[in-house]
There are 4 protein chains.
Amino acid sequence: MPATSSQPRRPRSGSRRDEAARLAVLHAADDLLVERGFGALTIEAIARRAGVAKQTIYRWWPSKVEILLDTLIEDSEKRIPVPAEPPTLESVRGYLRGFARFLTRDPAGKVLLALIAQAQHDPDTAKSFHARYFGPRRGHERDMIARGIDAGEFAPRLGPDATMDALVGPIVHRALTGSSIPRDLVDTLVEDLLTPRSD
Amino acid sequence: MPATSSQPRRPRSGSRRDEAARLAVLHAADDLLVERGFGALTIEAIARRAGVAKQTIYRWWPSKVEILLDTLIEDSEKRIPVPAEPPTLESVRGYLRGFARFLTRDPAGKVLLALIAQAQHDPDTAKSFHARYFGPRRGHERDMIARGIDAGEFAPRLGPDATMDALVGPIVHRALTGSSIPRDLVDTLVEDLLTPRSD
Amino acid sequence: MPATSSQPRRPRSGSRRDEAARLAVLHAADDLLVERGFGALTIEAIARRAGVAKQTIYRWWPSKVEILLDTLIEDSEKRIPVPAEPPTLESVRGYLRGFARFLTRDPAGKVLLALIAQAQHDPDTAKSFHARYFGPRRGHERDMIARGIDAGEFAPRLGPDATMDALVGPIVHRALTGSSIPRDLVDTLVEDLLTPRSD
Amino acid sequence: MPATSSQPRRPRSGSRRDEAARLAVLHAADDLLVERGFGALTIEAIARRAGVAKQTIYRWWPSKVEILLDTLIEDSEKRIPVPAEPPTLESVRGYLRGFARFLTRDPAGKVLLALIAQAQHDPDTAKSFHARYFGPRRGHERDMIARGIDAGEFAPRLGPDATMDALVGPIVHRALTGSSIPRDLVDTLVEDLLTPRSD
DNA sequence: GATTAAGCGAGACGGTACGTCAGGTCTTGTG
DNA sequence: CACAAGACCTGACGTACCGTCTCGCTTAATC
């Protein structure tokens, strides 16, 4: 899974894409975002930091948002994979804890927050964010929830999608407002929203 | 309620602040944000639209974020006041429904989303957003929850702050990802999180 | 005679044009052309050398050619004014000698050569060069010749315009091909072309 | 007459230079210059138009100026050969008329004007222009004049070189300033400058 | 015929300059 | 003294070419 921004061009002749440059750009963008913030994340700064010509960036990425999406997709697949096996309460709790840790501690979490933010400012970002990151991931999460329900592992009162929002929303909200995410928040959400009430 | 960004200056002589200009700027900012998005919200554009000199803006507001904060504070106090009286389950549900409507339907809701977003990009925005909007409002919300608990109206398993995040987070999250907010999401959150479990 | 590129704007309020900046740009352009050649004469280099923002240049001049025209017009009016009084053979000879010296020795002469050159490459330059420099000057030169004929001072066999080309062309041609301009070239041209043949 | 920019390399094996590519480049450069002007004459545009790789151009020509020189040399030898036989007043007049026509009517004349222009902007061009075109041609012209003097055909008051400038300069000057070249200009120049005065 | 060196189309790459836009500061006159 | 107007320096934008480089294919002379 290359997570490249576009379909890999296959020219019959000519130089191939310089992998070192690609990685340099990805890392430069990541580093700049973490160290200096989104405001300092300009194409010129990325090019400077990566030791790469501006045109090389424009050749492969239509905007800095796509660069961030490339890093985010690659990182989040590595760090917070959506459990593929039939889930248990425990594994969902683990997934959400991992997600909370990702958002608050992992530099890559800053990328996700920045993209959610930028999606508010720019419709193109919103579209791309949904198409390349949020849509697919939410799909996997829905599957996870649905499988858990089928297996009788839990019984949320909301549909799979709303359930995920109810679980993930508070975590994201605390991250967005710069608060830490206490462990019992995650635990209580899982318990309150996924297990059926006896009444 | 002046909601001005700085303490009202009291010059000994000379003109006082031009109220018409102040309102023109506020409205221009608001309109531009709604019509053309945050990306088009530049100081120059605001000045142009408001028929005001750039310097007049810089004289009174340190940044466009403070302009938006001015409008947000004024609007949110009007449209979604935090219930002051001892709350009931019903009144909290009403508050959250109003909040959801504000975020998805009210133009002023776009201002809040934009500010949450901008706070991710810029530490100064984050600081100001907390000091002038989020901190105070969250304080009132905490009070509301605390009063409800004291009155025995509900019994959340989380602290007041985390409870508010658990309630508001999903709403904000859906708004941020461009989804609608179904009524039963709010209702179920209130029920699952505020009423104690019998088990 | 301001030799400004456009009609002097007269704003009712706001800062006036910065004369120091205007001169800095003119001199920077001149110096760069002489020191490093037309190839190094970029807007960015002029701005750098003049200690002026690029935008300040674009605000007042549509192209570097107009900058050069400004300096050329100012300089050539000072250094090689077309004689206004009824000319003599002697004064025409003096004028042409001055012109030859201007082209080969005066740094401002390089500006004229560069503009003649650039007019070959770019139709806009050609148009502007004619409208602002060559047309008016040629007009004065024609008048000079015509007055000399009227006064019986000389009797060229060609019309005033062609006569001027016959006189000036060789000088310009030698300058363009990097040759020096021997004094007797000028003298012989004047004698052969302006005085009538007895046969 | 190969008119190639460098001595023909003699590889031990491998393909020889592709003549079709060479001609395609020459014609593309010529066409572009005439159709779109020197400003549009970029290596990339030539390569595009010629259907040739950029590297193929850089392999054989050090600069676009050399390409133009190749076409100019070939064309001017064909169109305006310097008379080799002992000249008459008539043949010199014919040569100059041909030259004037070449400059104003022949597309190849544009190449000469462009090169004279570019020589003002760039010392390398000047050097190459003299070495490959102007020097040799001027040499032949000088010989022509000298032979005419020896034969008693005419008796200019200037040296052969200055005489040529006096004859050619006005023609070039009018071409450079975009004027037409009236026939009597050439005729009068020849008469006034080449035949001795009786006084 | 196989080998091999060059030519060639294609195009990625690090650069420089383009002309434009907005940022934030300042100056100038008007009310 | 606030204000409209707007000049100014700064710096990023996205684009066009520069000249260099590698890649894989084709083409011919040499082995």
Side-chain angles (χ1 to χ4, degrees), chain A residues 9 11-18 20-22 40-48 50-60 62-64, chain B residues 9 11-18 20-21 40-48 50-60 62-64, chain C residues 9 11-18 20-22 40-48 51-60 62-64, chain D residues 9-22 40-48 50-60 62-64:
Chain A
R9 309 176 195 179
R12 320 194 154 234
S13 69
S15 303
R16 300 306 185 257
R17 178 171 188 179
D18 184 340
R22 191 188 134 255
L41 191 72
T42 66
I43 298 281
E44 304 233 301
I46 295 171
R48 226 155 26 224
V52 138
K54 232 182 351 164
Q55 190 54 49
T56 297
I57 297 184
Y58 283 110
R59 179 155 36 235
W60 298 106
S63 72
K64 63 186 171 189
Chain B
R9 311 176 191 184
R12 299 161 190 252
S13 72
S15 311
R16 300 299 187 268
R17 176 170 190 180
D18 182 341
L41 191 72
T42 68
I43 296 280
E44 305 236 300
I46 296 171
R48 217 147 43 217
V52 139
K54 249 197 317 178
Q55 188 54 43
T56 298
I57 297 182
Y58 283 111
R59 184 155 32 236
W60 299 105
S63 73
K64 63 185 170 189
Chain C
R9 312 175 192 180
R12 335 209 138 218
S13 68
S15 303
R16 300 305 187 255
R17 179 172 188 177
D18 184 341
R22 190 187 135 257
L41 192 71
T42 67
I43 298 281
E44 304 233 302
I46 297 172
R48 237 170 359 239
V52 138
K54 230 182 351 165
Q55 189 55 49
T56 296
I57 298 183
Y58 283 111
R59 184 161 26 243
W60 298 107
S63 72
K64 62 186 172 188
Chain D
R9 313 175 190 181
R10 280 254 150 264
R12 322 187 161 229
S13 73
S15 309
R16 298 303 187 260
R17 179 171 189 179
D18 183 341
E19 179 66 7
R22 188 187 137 258
L41 193 71
T42 67
I43 296 282
E44 304 236 303
I46 296 171
R48 220 150 38 218
V52 139
K54 248 197 317 179
Q55 189 54 44
T56 298
I57 298 183
Y58 282 111
R59 183 158 30 235
W60 298 106
S63 74
K64 62 186 171 188

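Quick note: numbers below take in every heavy atom, side chains included, and nothing from hydrogens, waters or symmetry partners. Below, chains carry the letters A, B, ... as their sequence lines are ordered, and counting in each starts from 1. All of these numbers come straight from a predicted model, not from anything done at the bench.
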Q: Taking the nucleotide of DNA chain E with the closest heavy atom to each, which residue, C:Ala40 or A:Ala21, is nearer the 5' end?
A: A:Ala21
Q: To the nearest Å, how far apart are D:Trp60 CH2 and E:dG9 P?
A: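 It works out to 12 Å between those atoms.
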Q: State which residues pass side-chain hydrogen bond (donor to acceptor under 3.5 Å, both in side chains) with A:Gln55; sequence neighbours excluded, sorted by chain then number.
A: none
Q: Please check the phosphate of E:dA12 (OP1 and OP2 only) for any side-chain N or O of A:Thr56 closer than 4.0 Å.
A: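 For E:dA12, neither OP1 nor OP2 has a side-chain N or O of A:Thr56 closer than 4.0 Å.
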Q: Calculate, to the nearest 0.5 Å, the distance between atoms CZ and OG1 belonging to A:Arg48 and A:Thr42 respectively.
A: 6.0 Å
Q: Of all heavy-atom pairs between D:Ala53 and D:Ala47, which one has the smallest distance, and what is that distance?
A: C-CB, 4.3 Å
Q: In whole angstroms, how far is the C1' atom of F:dC9 from the CD1 atom of C:Ile57?
A: 12 Å
Q: What protein N or O atoms touch nucleotides 22-26 of chain E N or O atoms at under 3.5 angstrom, if any, and at what distances?
A:
from	atom 1	to	atom 2	distance (Å)
E:dG23	OP1	B:Ile43	N	2.9
E:dG23	OP2	B:Ile43	N	3.1
E:dG23	OP2	B:Glu44	N	3.0
E:dG24	OP2	B:Tyr58	OH	2.9
E:dG24	N7	B:Lys54	NZ	3.0
E:dG24	O6	B:Lys54	NZ	2.6
E:dC26	N4	B:Gln55	OE1	2.5

Q: Does C:Arg17 make a cation-pi contact with C:Trp60, if we ask for NZ or CZ under 6.0 Å from the ring centre and within 45° of the axis?
A: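 Yes.
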Q: Report the C-alpha separation of A:Ile57 and A:Lys54 in whole Å, then their side-chain angles, then the decisive distance to 0.1 Å, and conclude whether the side-chain contact (heavy atoms from CB on, under 4.5 Å) test is met.
A: CA-CA 5 Å; A:Ile57 297 184; A:Lys54 232 182 351 164; 5.6 Å; no
Q: What integer distance in Å separates D:Arg59:CZ from F:dC21:C1'?
A: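 Rounded to the whole Å, the gap is 12 Å.
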Q: How many Å lie between CZ on A:Arg22 and C1' on E:dG14, as a whole number?
A: 19 Å
Q: Atom CD1 of D:Ile46 to atom P of F:dG19: distance rounded to whole Å?
A: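 After rounding, the gap between these two atoms is 11 Å.
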Q: What is the distance, rounded to the nearest whole Å, between atom CZ of C:Arg17 and atom C1' of F:dA7?
A: 11 Å
Q: Residues in salt bridge (charged side-chain N to carboxylate O under 4.0 Å, His left out) with B:Lys64, at least two apart?
A: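 Applying salt bridge (charged side-chain N to carboxylate O under 4.0 Å, His left out) to B:Lys64 gives none.
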Q: Whole-Å distance between E:dG29 P and C:Arg16 CZ?
A: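 C:Arg16 atom CZ is separated from E:dG29 atom P by 5 Å.
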